[in-house]
Amino acid sequence: MEYRLAYCGEGEVNWCEALGTVLANDEVVNGVSERGGYPVVKKKLRQWYLRITEYADRLLEGLERIDFSDAMKEMQTNWIGRSYGAEIDFEVKSEKATVENLRVYTTRPDTIFGVDFMVVAPELEWVPDLASAAQAAAVQEYLDYVQRRSDRERMAEKKISGVFTGAYAINPFDGREIPIWISEYVLAGYGTGAIMAVPCGDERDYKFAQHFGIPVTNIIGSHFNGSEANPTKEAVLENSGFLTGMRMRDAIGVAIDKLEAMGIGKRKVNYRMRDAAFSRQRYWGEPFPIRWKNGVAVPLPASELPLELPHVDSYQPGPEGEGPLANIPSWVAKELETNTMPGYAGSSWYFLRYMDPHNNEAFCSRDASDYWAQVDLYIGGTEHAVGHLLYSRMWTKALFDLGYIGHDEPYKKLVNQGMIQGSSRFVFRVNGTNLFVSKGLLDADGNYGGKTVDKLHVDVNIVDGYELDTEAFRNWKPDFAAAEFLLEDGKYICSSEVEKMSKSKFNTVNPDDLVEKYGADTFRMYEMFLGPVEMSKPWDTKGIEGVHRFLKKFWRLYMDEEKGLQVVDAPATAEELKVLHRAIRKIEEDTERFSFNTAVSGFMICVNELSDLKCRKKPVLSDLLVLITPYAPHIAEELWHLLGNAGSVLDAVYPVFEEKYVRESAKAYPVAINGKTRAEITISLDAGQQEVEQIVLADPGIAKWLEGKPPKKVIYVKNKMINVVV
RNA sequence: GCCCGGGUGGUGGAACUGGUAGACACGCAGGACUUAAAAUCCUGUUCGCCGAAAAAGCGAGUACGGGUUCGAUUCCCGUCCCGGGCACCA
């Protein structure tokens, strides 16, 4: 607060009167609470915000210095959404005349002569003042409709909706009267919450104009085909007053200069990202070290820190959407803030605390954070792209600026592991009732008898395949105790979806049973063998037997069930060393690039080959043991001791790859005719183009395909393939 | 709707930089060992055609439709489907 990083403002929350609480977006389904099915509306509450927008440019710049995937950088860049444009004030002509100006943000001031209508976000307070007497009822009806809609629904809406206010904006250059509309596709939180719509150049504006029959002005001549917007910047402007004849790209600056000179507009860099809402009306969260004195928020002095959550008997929400802390008389008496911090408060900097966990003076001493510095490798999913991973980057920059730490990016390298997904099950509740309808009874559009149906997650553990155990469902949660069911063929059938595995989706499975049955090494290796780390996939244990069999086979290289240790201290053959060193190379390469599934496959190939060779040689098997340690640490450690070593395998010297053991002198080349592989010919790796051509063309298997004709070209890629073009 | 990923045999996947598509496994089928089972081992397994069978051969094939290239799972354009995110799940 002292650095103006945090401030109070008004924010909209999902308010459920019946539950008396604020709900998260994913606790709201079809405008009703997931729990109980009660109506949810938007409500304005005082909230805390963090000024992350002040860091927007540095968050963009920092991306160039860190090792994140391009996709991740792209997501963060798009989320921050920096754009260059202008704010323009339009004079407003309305019946009430209480709104004098309409300020819009646009990246395309060059198209100002093509503005055919304005669109204002419905939630802006002064919107009702725009409405003419004739339009007042329609406007109010539309505002009520939007009030019931979640942001998520609004953004996903394909249908075009909106209403004319009855007011007009005046084009400052040609005096044209431009109708002002309201539509939910314009969001209050972006730009000024109002846009100038240019249907010939913007697809959404064009569709809106089409839908409501608004005439379209063409300012780009033949670049506009009359049936589709063209967002080009390269067209030469027509019908555009002082901009006519200019290329659009060049006209942008000219238009802004003119607007600035006239005092009705200015250059503006805009960000899509908004400041971060930082308060929650919940109990479980860090309390704010803030005391309210006569309506002014004052930070607690350091002597009163740390402020800890009070013990409570009940977690019931406080009055009027306040958090549970508002119910604690001792807390309220001290005039302490009753909101708490969100989950990302802690997750933004926990890794710093890990560096110095017992420090009672500071979150982390400067010495400790200088020593450990950045997180070298952070493994996390892309679902954190624009939340946690952005917040923690901002948090780190703030701490850096204040001198508490010496680096301004928290993570050096980020690897996005895929999510293990689960198969979720859903039940269908008729909106506003306690009636649950089996899947097969729903209409084609997912409704029941014309009524909206809420799709709710149900615990996979009380569903057998797709059939719900209705009795277990009634016992599952108090809300469902009185549930009634409409069955099909005597059964309640659920629908299913593959989603990320999550407690809130009730689709989690517990790995303990598998660890119990196969051991931790098998489980660990199986997870790695499943597929590339960065790929998401549904959890499935079908293949675990294979990994288990492999580890048993690996064990048998060293140990015989009856005769015990089989390893002999004898020199390895060239063949055995080749197998070993191929494995060393493969494991090293694959591990370096996080390709654990192919590394496991490499181990399997190596063990299969050594088994075939009946290799029992200690020099080979000892190195292999060290190699596999990161993948199967328990078995490795045990065999290490059985081999007679005193210390831990973790301290053993890691095997070094030596090229001399795997060197080959010839390769079996695939030979293709016109790109189709027809033969395999073994040729020395030293062979040159001419030599290869001779050998290939003399080959009877190839000659057959040439039918006596000379080839056009022979393409020879050393150590890869040979292609004969006929 | 917008942003970001992904789509390859019956299944998980491999092919790293445009160069033999299906490595390694699972499953399945057949066989060996066993009184039997488990465990283990061997053989086969993309689809279609040819063929008694084996071997060999031919054709098609990496979501779908086009394109670039001697050559495309890989690059380009378009479409469809699935997953993640969209600001109060963290």
Side-chain angles (χ1 to χ4, degrees), chain A residues 11-14 22-28 47 52 69-79 81 151-159 185 189 204 272-282 342-344 346-347 381-388 390-391 416 418-419 421 497-500 502-505 526 529-532 534-538 540-547 549-550 552-553 556 561 589-590 593 595 597-598 600-605 608 611 668-680 711-715 717 719-726:
Chain A
E12 284 194 332
V13 296
N14 302 311
V22 173
L23 296 174
N25 284 336
D26 65 347
E27 292 172 316
V28 182
Q47 302 282 8
I52 192 170
S69 69
D70 290 343
M72 178 62 67
K73 290 182 179 180
E74 217 170 314
M75 275 189 270
Q76 293 203 344
T77 302
N78 292 339
W79 179 261
D151 280 4
R152 195 73 59 84
E153 285 174 313
R154 282 172 60 179
M155 280 183 286
E157 185 58 72
K158 285 180 204 167
K159 276 185 299 207
Y185 83 90
R204 275 205 295 191
R272 209 183 66 93
M273 181 170 65
R274 310 201 287 264
D275 276 337
F278 194 62
S279 47
R280 301 289 183 266
Q281 295 70 48
R282 304 289 167 122
Y344 70 79
S347 68
T382 52
E383 77 272 25
H384 297 294
V386 295
H388 164 59
L390 211 47
Y391 295 131
N416 295 124
M419 262 176 291
Q421 298 165 318
E497 258 171 57
V498 171
E499 301 179 293
K500 68 172 175 177
S502 157
K503 276 181 287 186
S504 64
K505 300 186 193 299
Y526 176 60
F529 190 54
L530 269 177
E534 69 276 11
M535 204 138 49
S536 292
K537 60 183 71 68
D540 186 349
T541 57
K542 260 189 280 182
I544 198 167
E545 277 293 342
V547 175
R549 281 204 274 263
F550 159 73
K552 285 192 284 187
K553 189 168 185 174
R556 286 197 304 271
E561 216 174 302
E589 283 176 2
D590 288 359
R593 63 189 175 103
S595 180
N597 56 327
T598 54
V600 172
S601 147
F603 279 120
M604 288 173 169
I605 292 167
N608 286 345
S611 295
Y669 282 95
V671 183
I673 312 288
N674 289 336
K676 274 198 188 310
T677 306
R678 299 295 184 184
E680 194 174 84
K712 256 193 218 153
K713 197 163 35 161
V714 176
I715 293 159
V717 184
N719 211 9
K720 291 279 185 196
M721 47 66 70
I722 295 158
N723 188 19
V724 182
V725 185
V726 188

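So you know, we letter chains A, B, ... as the sequences are listed, proteins then strands, and number each from 1.
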Atom-to-atom span, CG of A/Asp275 to C1' of B/rA87 - whole angstrom: 11 Å
Sugar-phosphate only, base, or nothing, as touched by A/Ala385 at under 4.0 Å among non-hydrogen atoms: nothing
Candidates B/rA23, B/rC4, B/rC86 - which lies nearest the side chain of A/Ser601: B/rA23
A/Phe278 CZ - B/rC88 C1' separation (whole Å): 13 Å
Separation between the C1' atoms of B/rA29 and B/rG61, rounded to whole Å: 24 Å
Whole-Å gap separating C1' (B/rA90) and NE2 (A/His384): 6 Å
Touch class at under 4.0 angstrom, heavy-atom based, for A/Ser279 against every strand present: base
Gap in Å between the two C1' atoms, one belonging to B/rC81 and one to B/rG31, rounded: 43 Å
Donor-acceptor pair (no angle test) under 3.5 Å: A/Glu27 side chain, B/rC89 base: no
P gap between B/rA21 and B/rC16, integer Å: 13 Å
Same-atom distance (P) from B/rC82 to B/rA23, integer angstrom: 30 Å
Touch class at under 4.0 angstrom, heavy-atom based, for A/Met419 against every strand present: sugar-phosphate
Options B/rC4, B/rG84, B/rA90, nucleotide nearest the side-chain atoms of A/Ala71: B/rC4
Sugar-phosphate only, base, or nothing, as touched by A/Glu74 at under 4.0 Å among non-hydrogen atoms: sugar-phosphate
C1' gap between B/rG51 and B/rG66, integer Å: 38 Å
Touch class at under 4.0 angstrom, heavy-atom based, for A/Thr677 against every strand present: sugar-phosphate
Check: A/Gln421/A/Glu497 side-chain N/O donor and acceptor closer than 3.5 Å: no
Sugar-phosphate, base or nothing in reach of A/Ile605, heavy atoms under 4.0 Å: sugar-phosphate
Base B/rC3 to side chain A/Asn78, donor-acceptor N/O within 3.5 Å cut-off: no
RNA chain B: 5'-proximal contact among A/Asn674 and A/Arg556 (nearest heavy atom): A/Arg556
A/Asp70 atom CG, over 12 foreign heavy atoms within 6.0 Å: no
Residue-phosphate contact under 4.0 Å: A/Asn608 side-chain N/O, B/rC24 OP1/OP2: no
Exam field: side chain A/Tyr669 to backbone A/Lys720, donor-acceptor pair closer than 3.5 Å: no
Pairwise side-chain contact, A/Met273 with A/Gln76, heavy-atom cut-off 4.5 Å (strictly under): no
Between P of B/rU17 and CG of A/Asn719, the distance in whole Å: 17 Å
Toward the 5' end of RNA chain B, by each residue's nearest nucleotide, A/Asn14 or A/Gly675: A/Gly675
Protein-to-nucleotide contact annotation, 5' to 3' order, nucleotides 8-15 of chain B [B base; S sugar-phosphate only; - none; under 4.0 Å, heavy atom]: ---SBSSS
Where do N or O atoms of nucleotides 54-57 of chain B meet protein N or O atoms at under 3.5 Å, pair by pair?
none

Touch class at under 4.0 angstrom, heavy-atom based, for A/Val714 against every strand present: nothing
Sugar-phosphate, base or nothing in reach of A/Asp590, heavy atoms under 4.0 Å: nothing
Pairwise P distance for B/rG78 and B/rG5, with rounding to whole Å: 15 Å
Closest to side chain of A/Asn25, choosing from B/rA39, B/rC89, B/rC26: B/rC89
Contact under 4.0 Å: A/Lys553 side-chain N or O vs B/rA39 OP1/OP2: no
Pairwise P distance for B/rC47 and B/rA36, with rounding to whole Å: 33 Å
Sugar-phosphate, base or nothing in reach of A/Glu561, heavy atoms under 4.0 Å: nothing
Aromatic plane relationship, A/Tyr391 with A/Tyr344 - under 30° parallel, 30 to 60° tilted, over 60° perpendicular: parallel
Side-chain donor/acceptor contact of A/Lys500 with base of B/rC89 under 3.5 Å: yes
Euclidean distance for P, B/rA87 against B/rC77 (whole angstrom): 30 Å
